[in-house]
Amino acid sequence: DTIVYLDCDTIVMKPFDELFERQDFFVVSDNSDELVFYEKYQNHDMLLNELKKDKLAVDKIQKSMVNSGVFALPKKYRSRQEFNNMLDLVARYNDFIVHSDQSIITIWCFINQINISKEFFYNFQMVFVSSDLLFQLRPEQIKILHFAFFKPLKNFEPLLLAANFIERTNKLFKEFS
């Protein structure tokens, strides 16, 4: 009853059957400094009024972006009412948001009090290679690799460096485990 969406720039590294068992919407944090709303609008009266209607605060939501490249959508959220709710969010927030899909899903998660996951092995974005997250996860834990921002044919050099780094890190972990 749960649909799992994967962006076309993802590679499945390991089975993730447990995502199909989720009873609630599942999405992973973008873990970046990406903003939900354009900075120039974050104190705009119209935006603040919309957020107030939804009982949200700009400072709480602003740096909590999801990454919509992988998510699990249980049946209870696949209704005409939820679809209309999402369209309503787009109509009300579209002028203020930075990323159309990710910003709207982030707002929707906050309104519905859905936790944004830190289980990055379900959506390990290539930009994590240059962050502390690389050292929090072993490469063999990664279930879904996401080429967000770095596309294989466009950004070949950074990807080659990242792959080389992951391979060397994996060997190092094996030596010491």
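All heavy atoms count here, side chains included; hydrogens, waters and symmetry mates do not. None of these values were measured; they are calculated from a predicted model.
- Using a 4.5 Å cut-off on side-chain heavy atoms (C-beta onward), Phe25 and Leu73 make contact.
- Residues that satisfy the side chain to side chain donor-acceptor pair (under 3.5 Å) test with Asp45, not counting sequence neighbours, are absent from this structure.
- Note that the CD atom of Glu82 and the CG atom of Leu87 stand 11.5 Å from one another [nearest 0.5 Å].
- Residues Cys109 and Ile116 come closest through the heavy atom pair CB-CG1, 4.3 Å.
- Using cut-offs of 30° and 60° for the angle between ring planes, the Phe20 and Phe16 rings count as parallel.
- Between the CD atom of Glu50 and the CG atom of Leu56 there is a distance of 11.0 Å, given to the nearest 0.5 Å.
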Query raised in the report: Can Val27 and Val66 be said to form a side-chain contact (heavy atoms from CB on, under 4.5 Å), step by step?
Result: CA-CA 7 Å; Val27 68; Val66 303; 3.6 Å; yes
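- Scanning for side chain to side chain donor-acceptor pair (under 3.5 Å) contacts around Glu119 gives Arg22, Ser117, with sequence neighbours left out.
- Remark: Asn94 engages Val90, Ile97 in a side chain to side chain contact (heavy atoms under 4.5 Å, CB included) (not counting sequence neighbours).
- Residues in residues 10-19 take part in these salt bridge (charged side-chain N to carboxylate O under 4.0 Å, His left out) pairs, two or more places apart or across chains: Glu18-Lys143.
- Pairing each heavy atom of Arg78 with each of Asp1, the nearest pair is NH1-O, 2.6 Å.
- Taking the six-membered ring where the residue is Trp, His44 and Phe96 present tilted rings, their angle falling between 30° and 60°.
- Leu35 has its side chain within reach of Lys63: a pair of non-hydrogen atoms, C-beta onward, lies under 4.5 Å apart.
- Side chain of Gln62 to backbone of Val36: a donor-acceptor contact under 3.5 angstrom is found.
- Counting heavy atoms from C-beta outward, Leu6 and Val12 have side chains that approach closer than 4.5 Å.
- At a threshold of 4.5 Å between non-hydrogen side-chain atoms, the residues Thr10 and Leu145 do not count as touching.
- With Trp108 as the fixed residue, the ring pair (Phe, Tyr, Trp, His ring centres under 6.0 Å) test singles out one of Phe83, Phe71, Tyr77: Tyr77.
- The backbone N or O of Asn67 lies less than 3.5 Å from no partner atom in the side chain of Gln102, so there is not a single donor-acceptor pair.
- The closest side-chain heavy-atom distance from Ser68 to Tyr5 is not below 4.5 Å.
- Ring geometry, Tyr93 versus Phe37: the interplanar angle falls from 30° to 60°, so the pair is classed tilted.
- Under the 3.5 Å distance criterion, the side-chain polar atoms of Ser103 are left unmatched by any main-chain donor or acceptor of Ser100.
- More than 12 heavy atoms of other residues, nucleotides or ligands sit less than 6.0 Å from atom NZ of Lys76.
- With contacts defined as side-chain heavy-atom distances shorter than 4.5 Å, the pair Glu21/Thr2 does not qualify.
- Atom CZ of residue Phe110 and atom CG of residue Leu89 lie 13.5 Å apart, to the nearest 0.5 angstrom.
- Both Val58 and Tyr38 are members of a single hydrophobic cluster when ILVMFWY side chains are connected at heavy-atom separations under 4.5 Å.
- Within a 6.0 Å radius of CG in Asp33, other residues, nucleotides and ligands contribute 12 heavy atoms or fewer.
- Taking NZ from Lys60 and CG from Leu51, the interatomic distance works out to 13.0 Å, rounded to the nearest 0.5 Å.
- To the nearest 0.5 Å, the span separating CE on Met65 from CD1 on Ile107 amounts to 8.5 Å.
- Between Lys118 and Asn31, some side-chain heavy-atom pair lies under the 4.5 Å cut-off.
- Atom CD1 of residue Ile61 and atom CD of residue Gln42 lie 12.0 Å apart, to the nearest 0.5 angstrom.
- Proximity of a side-chain donor or acceptor of Gln113 to a complementary backbone N or O of Ile111 within less than 3.5 Å is not detected.
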Requested in this report: Given side-chain contact (heavy atoms from CB on, under 4.5 Å), test Ile144 with Phe121 step by step and report yes or no.
Outcome: CA-CA 6 Å; Ile144 302 170; Phe121 46 87; over 6 Å; no
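- A pairwise comparison of heavy atoms in Leu19 and Ala72 identifies O-CB, 3.8 Å as the closest pair.
- Side-chain heavy atoms closer than 4.5 Å link hydrophobic residues (I, L, V, M, F, W, Y) into clusters, and following such links, even through other members, never connects Val28 to Val98.
- Scanning for salt bridge (Lys or Arg N to Asp or Glu O under 4.0 Å) contacts around Asp54 gives Arg92, with sequence neighbours left out.
- Pairs engaging residues 96-111 under the salt bridge (charged side-chain N to carboxylate O under 4.0 Å, His left out) rule: none recorded [sequence neighbours left out].
- Side-chain contact check for Val70 versus Asp7: every heavy-atom pair is 4.5 Å or farther apart.
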